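Below you'll find the structure, written out as structure tokens, and then a few comments.
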2 protein chains.
Amino acid sequence: MSISDTKEKILDAAEYLFARRGFHNTSLRAITSRAGVNLAAVNYHFGSKDALLEAVFQRRLVPLNRIRRDNLEAVRETARREGRRPAVDEALRAFIEPTLAFRKSGTGAEDFITLVARSMSDPEDTVRDVFIRHIAPLFHLLFETLCEALPELTPDTVFWRLQFVIGAMGHVICMTGKNYKYALPAGVTPVDDVESLTALLIDFAATGLERP
Amino acid sequence: MSISDTKEKILDAAEYLFARRGFHNTSLRAITSRAGVNLAAVNYHFGSKDALLEAVFQRRLVPLNRIRRDNLEAVRETARREGRRPAVDEALRAFIEPTLAFRKSGTGAEDFITLVARSMSDPEDTVRDVFIRHIAPLFHLLFETLCEALPELTPDTVFWRLQFVIGAMGHVICMTGKNYKYALPAGVTPVDDVESLTALLIDFAATGLERP
DNA sequence: GTCTATAGATTGATAGAC
DNA sequence: GTCTATCAATCTATAGAC
């Protein structure tokens, strides 16, 4: 078995279990058992459990962040070329759409995005720090773009409204995750359709952000 | 030392530590050590660690839910008497204001509301189930009130927009918690003022909910 | 690179003296 | 009700054979 094969198996199993049970509540035994590899393989290939978490984030978040960054910069560039300010809904879409799209990827990425959303409010510093470290530069770019799009608002207002949007997105990601149970009120049909939910969120968020 | 004294001490310590480190990551030894009581006291007074979590929720969530329920029913009653529909921002305020007010209570309730917000997306079923069990009836009442306030929207739309609001509120509760670190962008001043943040959230949420 | 075996520490829970 | 002492299970990490 080649090196990368075992590493990939471990990453897949860790992603699956971290998302469903949490980092601290997932043992290396559970990971290696699910991956079908030896217990000692994690420490051989990654060094420690913490380093494994970092590797799980790295594998998917680096490509995802590249997409989100390219999208955001395209929105700014287009607006600049057309001599107008970037549109709020375009900026939000550049960030939100590729994020929620993980849900319909059909690969283990579905689990990954749940892991990221949960990491945002994880009580453990270890986990939350990994999240913040990976997301901070991108969040900053989104914030700047929205400030350009909404020059009549104070940066403070834009900042907190953006936090509301981040919170809303994180929550629906958790809710639509595999092991989240909630009782739908009578008359409400479950929305399995990622595109509809994305559109609903972007409309809601843009309307709230643009309030005078 | 009386019975209730020891029980209260344990509840205070558990609340503090569960909020900051998470349920699974907090040992009974850490709790009893902080409370200044014997290790065996938790199992004597509460039966198990799970039962202790339930008691921590009970102590503060029962009174809080009574306030939120009374507020919501007052909003409906006033609207009915005046022959109009309930206002969206009034309904939101009835729910959000007493929740965020925990932050400035000066007691351990500050920690408690962080614990609740984090429980919403906790990876462990044990924790999330306690949250859902306590919040479900109240969420249902808020949902119904908003459906009355927004009869031109489908229940599906109201449901998901309300979820966005819940997510936004939970996220700012986590963010303003004691041990949450984040880098403020240049030009943004930290908002310590709970009232301002509450108003900002209600305005944002009402605007998004009322979108046609 | 993969495996077994185990060290070393921590956990929730309980038995039994006082 | 409170305490000490301890059990049995779990955990991460590593040493060393193959």
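Remember, it's a predicted structure, so these values are computed and weren't measured experimentally. A, B, ... follow the sequence lines: proteins, then strands. Residue 1 opens every chain. All heavy atoms count here, side chains included; hydrogens, waters and symmetry mates do not.
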Aromatic rings A:His171 and A:Tyr180: how do their planes relate, parallel, tilted or perpendicular, breaks at 30° and 60°? perpendicular
Using residues 198-207 of chain B as the side-chain source, report each donor-acceptor pair under 3.5 Å to any protein atom, sequence neighbours left out, with the distance given to one decimal.
unit_1, atom_1, unit_2, atom_2, d
B:Thr198, OG1, B:Val194, O, 2.7
B:Thr207, OG1, A:Arg211, NH1, 2.8
B:Thr207, OG1, B:Asp203, O, 2.7

Do any N or O atoms from the side chain of B:Thr176 and from the backbone of B:Val172 form a donor-acceptor pair under 3.5 angstrom? yes
For A:Glu77, salt bridge (Lys or Arg N to Asp or Glu O under 4.0 Å) partners two or more places apart: A:Arg80, A:Arg81
Here the distance between atom C1' of C:dT2 and atom NZ of A:Lys7, to the nearest Å, is 16 Å
With the threshold set at under 4.0 Å for non-hydrogen atoms, list the residues of residues 13-27 of chain B touching DNA chain C in residue-number order. B:Thr26, B:Ser27
Applying side chain to side chain donor-acceptor pair (under 3.5 Å), can you list everything that pairs with B:Glu90, at least two apart in sequence or on another chain? none
Would you mind writing out the side-chain donor-acceptor pairs for residues 91-100 of chain A within the sub-3.5 Å range, not counting sequence neighbours?
unit_1, atom_1, unit_2, atom_2, d
A:Arg93, NH1, A:Glu97, OE2, 2.6
A:Thr99, OG1, A:Arg68, NH1, 2.8
A:Thr99, OG1, A:Phe95, O, 2.6

Check: B:Lys178 side chain, B:Thr114 main-chain N or O, donor-acceptor pair, under 3.5 Å: no
Walk along nucleotides 13-18 of chain C from 5' to 3' and tag each nucleotide B, S or - by protein heavy-atom contact under 4.0 Å, base first, then sugar-phosphate. BB----
Spell out, as yes or no, whether a donor-acceptor pair under 3.5 Å connects the side chain of A:Arg118 to the backbone of A:Ala19. yes
What integer distance in Å separates B:Asn38:CG from D:dC3:P? 5 Å
